[in-house]
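Hydrogens, waters and symmetry mates play no part in the numbers below; they use all other heavy atoms, side chains included. Ligands are counted one by one from 1 in listed order, and the atoms in each one are counted from 1 as well.
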Amino acid sequence: MSDLPITSVPPMARPRDEAAPKRPLLPLRVSGLRLTADGTALLDGVELTLAPGGCTVIMGPNGAGKSLLLKMMHGLLVPGAGDVSWNGIPAAQATARQALVFQKPVLLRRSVAANVDFVLKSRGRDRSRRDALLREVGLLHKARQPARLLSGGEAQRLALARALATDPEVLFLDEATASLDPASVLVIERIVAAARDCGTRIVFVTHDVGQARRMADEVVFLHRGRVAEHSPADVFFPEPRSQAARDYLAGRIVL
Ligand SMILES: Nc1ncnc2c1ncn2[C@@H]1O[C@H](COP(=O)(O)OP(=O)(O)OP(=O)(O)O)[C@@H](O)[C@H]1O
């Protein structure tokens, strides 16, 4: 198997949403997605369709390819082979209509308020929405504080406010609550669930089975760079079809 380069898309190459077509982004069709490095398949022919609405939780053991898949769907990474198609809209044109929240919050070294202002301004959004966004994530009282002084949970809530400020049609979260305490996890889940209820499509990577049960409408289980299972949550949790998913849910080691 020949190696395919892992290519990042430079930010300047990502078109602004003015240029993006206004037809709905969903359904998303991922076909034949493949990525190799040093002769190893990291993603190995991923096939996936995401319908409009709800929350898809992506689970799987360390190294299964969850983050790579998320970054490719979002348009941050270019697949070596295969296709990511947003309702017929190429991924590169769809990126501005989605947001991605990482495990480690990405913030500006400015005040809490300025972090949201920056996003609203750069996306041409109404800046008077800033206080409502900060209130929604419980940070209005810290608006003037430097973002670098926020706790981990607060910083993640600010990252979420920045993501929501873009009015994303799709919100990707990559282990966004992995280092937070249980109360902060529930706060983030409440905000994400509210966004979902308002029509934002959620795609959530987590290792937390309890969280997956709380959040998922459907589950994609990745194993060794392949989709081992893609099922409604009420099917996946009681009766996972693949041995890898059964082992994972039972807390057994999945190789
Ligand atoms: N840029 C890269 N170049 C080469 N290999 C990479 C690159 N990025 C990720 N990998 C490898 O691809 C595999 C999948 O990585 P990925 O981050 O998608 O895993 P994951 O399922 O999100 O795992 P985890 O649960 O540990 O976060 C890993 O073996 C990782 O080392």
Side-chain angles (χ1 to χ4, degrees), residues 1-11 13-14 28 30-48 50 55-84 91-92 95 98-106 152 156 159 163 170-180 185 188-189 192 202-216 218-231 236 240 242-255:
M1 192 185 317
S2 64
D3 279 1
L4 299 162
I6 297 180
T7 314
S8 295
V9 179
R14 294 178 209 142
L28 165 68
V30 172
S31 51
L33 215 59
R34 197 173 298 280
L35 192 70
T36 65
D38 299 328
T40 304
L42 306 178
L43 290 176
D44 191 8
V46 172
E47 304 281 340
L48 189 61
L50 298 186
C55 176
T56 301
V57 166
I58 302 180
M59 306 183 83
N62 291 138
K66 303 179 296 296
S67 295
L68 287 175
L69 176 59
L70 222 58
K71 286 174 186 164
M72 283 189 193
M73 290 194 285
H74 184 50
L76 269 180
L77 287 178
V78 179
D83 189 44
V84 175
T95 303
Q98 318 155 21
L100 172 57
V101 177
F102 296 93
Q103 178 177 353
K104 200 164 174 232
V106 180
Q156 196 56 289
V170 183
L171 176 60
F172 294 104
L173 299 110
D174 192 356
E175 299 189 46
T177 61
S179 53
L180 306 186
V185 169
I188 300 273
E189 287 180 8
V192 172
I202 308 296
V203 183
F204 202 134
V205 169
T206 183
H207 284 287
D208 180 339
V209 177
Q211 177 170 63
R213 287 177 187 275
R214 290 190 294 276
M215 298 296 292
E218 62 172 13
V219 177
V220 171
F221 190 83
L222 272 191
H223 183 222
R224 296 180 180 166
R226 287 179 160 271
V227 176
E229 202 156 339
H230 182 185
S231 312
F236 178 81
S242 64
Q243 185 61 46
R246 280 196 291 279
D247 287 345
Y248 185 89
L249 290 177
R252 293 188 286 269
I253 291 171
V254 182
L255 297 175

Distance-only donor-acceptor check, side chains Glu47 and Ser31, under 3.5 Å: no
Atoms in ligand 1 flagged as close to Gly65, the criterion being non-hydrogen separation under 4.0 Å: 14 (C), 18 (O), 19 (O), 20 (P), 21 (O)
Heavy-atom nearest option to atom 22 (O) of ligand 1, drawn from Ala178, Gly63, Ser67: Ser67
Sub-4.0 Å heavy-atom approach of Glu175 to ligand 1: yes
Minimum heavy-atom distance Gln103-Ala178, with the two atoms named: NE2-CB, 3.4 Å
Side chains of Arg214 and Gln211, donor plus acceptor under 3.5 Å: no
Asp174 and Ser67 side chains, donor-acceptor separation under 3.5 Å: yes
Leu68, portion touching ligand 1 at heavy-atom distance under 4.0 Å: both
